[in-house]
Amino acid sequence: MADISVTLPDGSGRLVADGSTVLDVAASIGSRLAQAAIAGTINGTDVDVSTVVKDGDVVAIVTTNSDQGRHILRHSTAHVLAQAVVQLFPGAHYTIGPAIDDGFYYDFALPNSQTFSDDDLRVIDKRMREIVAAGQPFERSELSADEALLVFADQPYKCEIIERVRSGVADGSDAAEVGAAETISVYRNTDSFLDLCLGPHVRTTSQLGHFALMKVAGAYWRGNEKGPMLQRIYGTAWENAAALKEHLVRLEEAAKRDHRKLAVELDLLSFPQELGGGLAVWHPRGAIVRKLMEDYSRQRHLDGDYQFVYTPHLANAQLFETSGHLDFYADGMYPPMEMDNGVYYPKPMNCPMHCLIFDGRQRSYRELPMRLFELGTVYRYERAGTLHGLLRIRGFTQDDSHIFCTEDQMADEITSLLDFVMSVLRRFGFYDFEFNLSTRNPVKSVGSDDIWEKATAALAEALHRHGVEYKVKEGDAAFYGPKIDLDVRDAIGRKWQLSTIQCDFNLPERFGLEYVGSDSARHRPIMLHRALFGSVERFFGVLLEHYAGAFPAWLSPVQARVLPVASAHEDYARTVLNRLKKSGFRADMTAADEQLGKRIRNSKLEKIPYVLVVGDDDVANDTVGVNPRGGEVERDVAVEAFIQRLDAEVLDGQSGGE
RNA sequence: GCCCUCUUAGCUCAGUCGGUAGAGCAUUUCCAUGGUAAGGAAAAGGUCGUGGGUUCGAUUCCCACAGAGGGCUCCA
C-alpha cells in the first residue's frame with residue numbers, strides 16, 4: 001500500500017500507510033501517545049481518532065491532559081450519563097448535554113414530571129460506572145434529517161433539534177448536538193443507545209471514569225422561562241483520579257471562603273429573617289471595614305476632582321417617568337407609595353437625581369467635565385430566586401458617579417477613569433484585570449449612529465492608550481450607550497465583574513440637559529456612568545472571599561490584640577493597649593480569664609493580624625511578644641518598634657502597592 | 001418568578017416510627033494564673049421559621065407563606 005504524508009503541529013512531516021486513521025498516526029509516533037489519544041484535529045477540524053487521514057493533511061493528536069481533551073472526555077461522559085438515565089428511568093427524554101467549565105451537564109424530562117433525588121444520583125453514578133467498565137465504543141454515523149427523525153421518534157426534544165437543523169435555524173444552543181451542516185451525526189454506544197452529536201468523542205467509554213455527579217437542578221428548555229422546566233444533572237470529569245481529587249479540593253477551599261459563611265463566623269453582618277430577603281444589617285466588625293473602604297473611596301474621589309452630592313432615597317414617580325425607568329424596569333422597583341401629593345418610589349438608581357443637579361441651573365462648557373459623586377443607596381426588587389448573599393442584594397450602595405462632559409472630552413475622561421479604576425482596585429489586592437467592551441445592539445438602542453460610533457471609539461481609544469487587552473462583546477451594550485466592564489481575578493483565580501464605565505446618550509436627552517458652549521450655542525452633554533466597587537456590599541463580599549476573611553492590616557476590624565500571660569500582667573497589657581490606641585490603631589485586650597493558648601486560638605480564628613503576648617519579661621523590658629497572622633512568633637520586640645512597624649504596614653496598605 | 005432541597009439554643013448539628021427536645025462551641029458564675037491554636041465544674045439558654053389543617057395530642061404528617069441553599073431565567 002502506498003504511503004501518504006501528513007504534517008504534524010510542529011511542522012514535521014510523517015509518512016503513514018494510505019487509509020491510516022488519526023490513531024494510526026498517533027501510534028506511529030509512539031505507543032504511549034496512542035494510548036493517551038482521545039481525539040484529533042485534521043486541518044483544524046476536531047475529529048475522532050478513527051477518522052482516516054488524507055495525503056497533505058495537518059494532523060494533531062488530542063490527549064486528555066489538554067483543555068480540548070478534557071472538553072471531549074466531559075462531553076463523552078455526558079453521553080454516558082444520558083444512557084444511564086434512559087436505562088434507569090424508562091420514558092425519560094434526553095435533551096442536550098454539553099461540556100462546560102470543569103465538567104458537563106445533561107438536561108432530562110422525566111415522565112409524569114418526576115424529579116431526580118440525591119439517591120437517584122447515586123444509582124445513576126453506579127450505572128455510569130458499569131457503562132464505563134463495559135468499554136462501549138463511540139461509533140459515529142451520519143444520517144439525513146428524515147432518517148434521524150425516525151431513529152429519535154420517541155425523543156421529542158431530539159426531534160425538535162433535528163427539525164431546527166433541517167429548517168436552518170439551528171444556532172449556538174444546538175451546537176454541541178449538531179453542526180451547522182446539513183447532515184446530522186449521531187454517536188452509537190450500544191444498539192439501544194445513541195445520541196445526536198457533533199463529536200468528536202473518545203473511542204470507548206473505558207477511556208472515561210474519573211467523574212463525579214455533583215448536583216441536580218432545574219433548568220428551562222432552551223433557557224426560556226416560558227418553556228418547560230427540565231431536570232439538569234451536573235457532573236465534573238477529569239483525565240485522572242488526581243486531577244478529579246484536586247478539583248474537589250479546590251471546591252472545598254472555595255466553600256471555606258464563602259462570604260456568607262465568613263460573615264457569620266467573623267460577626268461582620270447578617271441577613272435577619274425579620275428584615276426580609278436580600279436586606280443586610282452590618283454589625284460593628286463589618287461596619288468598621290465598610291467605613292474604611294468608604295473613607296478610602298471618598299478620599300480618592302476628592303483627590304480626583306469629584307464633587308460630592310447627596311440625594312434622597314425616595315422620588316416622585318414623575319422623575320422615573322422622565323428617566324424611563326418606570327417604563328423599562330418597573331418590575332425591578334419596589335412598589336409605589338401613594339401619598340396625598342403624588343406617588344413615590346424608592347430609587348433604583350441615582351442617575352436621574354444627578355441629572356436634576358446638573359439641570360439645576362444653566363451650565364457652561366467651562367464647568368465640564370462635571371463629576372458628581374455619591375455613595376448612593378438604592379433599592380431594587382430582585383426576584384426571590386436570584387438573591388445571593390452580598391453579591392445580589394435588594395438594598396445596596398453604589399459608589400456612583402456621573403460625569404457630564406463634551407464629546408471632545410470623552411476620550412480623555414475615559415482614559416483617566418481607567419487609571420483611576422485600576423489604581424483603586426490594586427489597593428484592595430486585585431492586580432489581574434480583564435476588560436470587556438460592549439457595543440451597540442442595533443435592534444434595541446437609542447442615539448444616532450454618529451454618537452455611538454464616537455463613544456465606542458472613545459472607549460476603545462482609552463483601552464488602547466492603556467495597552468490593555470480587551471474582549472469585544474458585540475451587541476451587549478445597554479440600550480443607552482456602549483460600556484467597558486472590568487473583571488478581576490481573586491486570590492484563587494476566580495473571576496468577578498466589578499467596575500463599569502458606561503456612556504449614556506439617553507438620560508441627557510430625556511432630561512433635556514444642556515450646556516452653553518464657547519460658541520454661545522446650547523449643546524447636549526455626554527453622560528458617563530461609572531462605579532468602581534460597583535456596589536459597596538458586593539465589593540465587600542468579593543473582598544471577603546478574596547482575602548478569605550483575613551483582611552490586610554489597614555482594613556482589619558481589630559489590628560492587634562494584647563494578651564497578658566497571667567492576671568499579674570494585665571496592668572502592663574493595658575498600657576500597651578493604650579499606646580496602640582493612641583497611635584491610632586484598632587486594638588483590644590483579652591484578660592487572663594482563660595488560658596493563653598485558648599485566647600491565642602480564638603484570636604487566630606478571628607483572623608486578627610497581630611497577637612501581642614505580654615509576660616514577665618515584657619513588663620520588665622517594655623516589650624511585647626509578636627505573633628503575626630501566618631508568621632513566626634517573635635519575642636522581646638520593643639513596643640515602639642512594633643508600633644512603627646504596624647504604622648508602616650498600614651500606610652503601605654493605604655497608599656503603596658502600585 | 002420557575003425546579004429541587006432545607007429551616008430545631010447565639011453558632012455547628014443530633015433527635016422525636018405523632019406523646020412539647022439533646023450535644024459541642026459561645027454566654028454567665030466559680031475554681032484554675034497558664035509564654036504562643038481548645039484547663040475543670042456548674043448554671044442559664046428553645047411556644048423545634050410563621051400561619052392554618054388532620055389528630056385525643058403536631059416540632060414530627062398535610063397545605064400555604066416567609067427566609068435560606070443549589071440551579072434556571074433575570075440583573076437598568
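In the text below, chain A, chain B and the rest are named by the order of the sequence lines, each starting its count at 1. Just so it is clear, the structure is predicted and the values come from calculations on it, not from any experiment.
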Original post:
So, are A:Arg122 and A:Asp125 salt-bridged, with charged N and O less than 4.0 Å apart?
Top reply: no

**OP:** For nucleotides 36-50 of chain B, just jot down a letter per nucleotide in 5' to 3' order: B, S or -, based on protein non-hydrogen atoms under 4.0 Å.
**Re:** BBBB-----------

Original post:
Quick one: is B:rA76 close enough that its OP1 or OP2 comes under 4.0 Å of any side-chain N or O from A:Tyr379?
Top reply: no

Original post:
Of the residues in residues 345-356 of chain A, which ones touch RNA chain B at a heavy-atom distance under 4.0 Å?
Top reply: A:Pro348, A:Met349

Subject >> For A:Thr311, side-chain contact (heavy atoms from CB on, under 4.5 Å) partners two or more places apart >> reply: A:Lys347, A:Asn350, A:Met353, A:His354, A:Ile357, A:Glu374

Original post:
Which dot-bracket string describes RNA chain B (Watson-Crick N1-N3 plus N6-O4 or O6-N4, or G-U N1-O2 and O6-N3, all under 3.5 Å; [ ] crossing; | other strand)?
Top reply: (((((((..((((.....[..)))).(((((.......))))).....(((((..]....))))))))))))....

Original post:
Can you tell me how far P in B:rG46 sits from the matching atom in B:rG10, rounded to whole Å?
Top reply: 8 Å

**OP:** Tell me whether the guanidinium CZ or amine NZ of A:Arg394 lies under 6.0 angstrom from the six-membered ring centre of A:Tyr381 and within 45° of its axis.
**Re:** yes

Subject >> Short side-chain N/O contact to B:rG69 OP1/OP2 from A:Arg260, under 4.0 Å >> reply: yes

Subject >> Flag, side chain of A:Asp504 to backbone of A:Met527, donor-acceptor distance under 3.5 Å >> reply: no

Subject >> pair A:Trp452-A:Phe505: side-chain heavy atoms closer than 4.5 Å >> reply: yes

**OP:** Determine the contact category for A:Ala384: base if any of its heavy atoms lies under 4.0 Å from a base atom, sugar-phosphate if only primed atoms, P, OP1 or OP2 are that close, otherwise nothing.
**Re:** base

**OP:** Using a cut-off of strictly less than 4.0 Å between a heavy atom of the residue and any atom of RNA chain B, enumerate the qualifying residues of residues 561-573 of chain A by number.
**Re:** A:Val565, A:Ala566, A:Ser567

Original post:
In terms of side-chain heavy atoms of A:Arg599, which of B:rG34, B:rU73, B:rC75 is nearest?
Top reply: B:rG34

Original post:
Side chains of A:Asp616 and A:His569: does their closest heavy-atom pair fall under 4.5 Å?
Top reply: yes

**OP:** Could you measure between the two P atoms, the one in B:rU8 and the one in B:rU50, and give it in whole Å?
**Re:** 10 Å

Original post:
Quick one, which residues of residues 277-284 of chain A touch RNA chain B with a heavy atom under 4.0 Å?
Top reply: A:Gly277, A:Gly278

